[in-house]
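Inspection log for the structure reproduced underneath, given as structure tokens.
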Amino acid sequence: WHRPAEFRIASEAIMIETPQIIDISPPRTTAVIRVCCPREELPCTMGRGVRELLDRIKAQGAQAMGPLFTHHLRGPTDSFDCEVGVAVDRPVRPAGHVCPGQWPAMRVARTLYRGHYEDLPQAWAALRAWIAAQGLAATGEMWECYITGPEIGSDASAWRTELYLPLCGKGV
């Protein structure tokens with residue numbers, strides 16, 4: 001799964017690792033904040049949301065159990081409709097914009113993308129092309145899990161984002 005695969009989208013090469021079909025189970029308890037905003041407002045809105053999310057779960061005595069993620073409820077266009085969240089060690093109570101959530105059990109196509117967040121649309125397109133080549137179909141939801149990012153430095157080639165596309169049909 002760690003061998004890089006190059007997929008050509010338009011005239012540009014986007015590096016994603018060879019995708020895998022996996023079953024995610026059991027569901028994971030999460031804390032989330034809903035984000036609905038225009039594309040140009042996403043960095044600022046997401047930054048505020050992450051700060052509130054981490055502050056509110058800490059105030060409740062819960063602990064993050066992994067990296068931050070975004071659950072896109074629909075494919076991004078000129079606006080975003082998503083949940084920003086983190087798996088937690090126990091359920092949280094609603095507080096401010098934070099709500100309890102769940103990363104459900106599901107069958108997904110998963111890959112690892114290396115690079116800047118601005119190129120994520122091309123990485124998603126590469127994963128969708130791979131799914132289509134396998135004769136599979138995705139549900140329309142998208143999950144991004146931020147393994148490493150700007151917090152480790154400005155060299156985007158070191159940033160890692162796991163991409164998960166839930167698949168239609170037989171699942172977990």
Side-chain angles (χ1 to χ4, degrees), residues 1-43 45-46 49-50 65-87 101-152 155-172:
W1 136 254
H2 295 288
R3 184 174 52 89
E6 185 174 298
F7 294 88
R8 295 233 171 247
I9 304 300
S11 61
E12 203 173 311
I14 297 297
M15 292 302 291
I16 63 171
E17 301 229 348
T18 302
Q20 291 182 312
I21 305 300
I22 63 166
D23 291 321
I24 295 176
S25 185
R28 300 173 196 164
T29 300
T30 65
V32 299
I33 288 184
R34 184 80 178 259
V35 173
C36 297
C37 68
R39 177 178 296 275
E40 62 274 4
E41 293 178 16
L42 185 65
T45 302
M46 193 163 166
V50 167
M65 301 298 292
L68 291 165
F69 66 83
T70 303
H71 171 210
H72 295 273
L73 303 170
R74 63 168 173 76
T77 57
D78 58 342
S79 65
F80 282 79
D81 184 6
C82 58
E83 296 173 326
V84 177
V86 66
Q102 184 180 75
W103 184 303
M106 58 187 157
R107 180 171 212 99
V108 300
R110 176 185 71 184
T111 190
L112 182 70
Y113 162 69
R114 303 163 190 254
H116 201 280
Y117 297 148
E118 290 174 359
D119 292 328
L120 277 165
Q122 292 89 346
W124 281 111
L127 180 56
R128 283 191 191 89
W130 183 86
I131 288 171
Q134 310 308 306
L136 301 170
T139 65
E141 293 182 69
M142 302 161 44
W143 298 74
E144 294 175 348
C145 192
Y146 309 105
I147 307 304
T148 58
E151 74 282 355
I152 65 165
D155 178 8
S157 68
W159 301 0
R160 305 287 184 267
T161 306
E162 285 182 326
L163 308 181
Y164 295 86
L165 276 178
L167 300 173
C168 297
K170 280 190 133 175
V172 196

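Below, each value reflects all heavy atoms present in this structure, side chains not excepted, and no hydrogens, waters or symmetry copies.
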Query raised in the report: Can you list the residues that meet the side-chain hydrogen bond (donor to acceptor under 3.5 Å, both in side chains) rule with T70, with sequence neighbours excluded?
Result: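 If we apply the side-chain hydrogen bond (donor to acceptor under 3.5 Å, both in side chains) test to T70, skipping adjacent residues, the hits are Y146.
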Query raised in the report: What residues form a side-chain hydrogen bond (donor to acceptor under 3.5 Å, both in side chains) with R34, not counting sequence neighbours?
Result: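 Per chain and number, R34 pairs via side-chain hydrogen bond (donor to acceptor under 3.5 Å, both in side chains) with D81.
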Query raised in the report: Less than 4.0 Å between a side-chain N and a carboxylate O, is that true for D23 and R107?
Result: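 Here R107 pairs with D23 in a salt bridge, since their nearest N and O are under 4.0 Å apart.
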Between [atom1] of [X] and [atom2] of [Y], what distance do you get to the nearest 0.5 Å?
X    : Y    : atom1 : atom2 : answer
C36  : E41  : SG    : CD    : 11.5 Å
W103 : C145 : CH2   : SG    : 5.0 Å
D119 : T161 : CG    : OG1   : 11.0 Å
L165 : L127 : CG    : CG    : 4.5 Å
M65  : R28  : CE    : CZ    : 11.0 Å
E40  : S79  : CD    : OG    : 9.5 Å

Does [Y] offer a backbone N or O that forms a donor-acceptor pair with the side chain of [X] under 3.5 Å?
X    : Y    : result
Q134 : A132 : no
T111 : L163 : no
T30  : A87  : no

Looking at [X] and [Y], what are the two nearest heavy atoms and their distance?
X    : Y    : value
A123 : I16  : CB-CG2, 3.9 Å
L167 : V108 : CD1-C, 3.9 Å
L73  : H71  : CD2-CE1, 3.3 Å
I147 : P67  : CD1-CG, 3.9 Å

**Report entry** Qualifying residue, where the test is ring pair (Phe, Tyr, Trp, His ring centres under 6.0 Å) with H72 and the options are W143, Y164, F80
**Finding:**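 Of all the options given, the one that passes is F80.
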Report task. Indicate, with yes or no, if the rings of Y117 and W159 have centres closer together than 6.0 Å. Result ->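 They qualify: ring centres under 6.0 Å apart.
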Query raised in the report: Could you give all pairs that pass the salt bridge (Lys or Arg N to Asp or Glu O under 4.0 Å) test and reach residues 125-149, with sequence neighbours left out?
Result: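 Qualifying pairs: none.
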**Report entry** Heavy-atom neighbours of E118 CD exceed 12 at 6.0 Å
**Finding:**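 Atom CD in E118 is not crowded, with 12 or fewer foreign heavy atoms closer than 6.0 Å.
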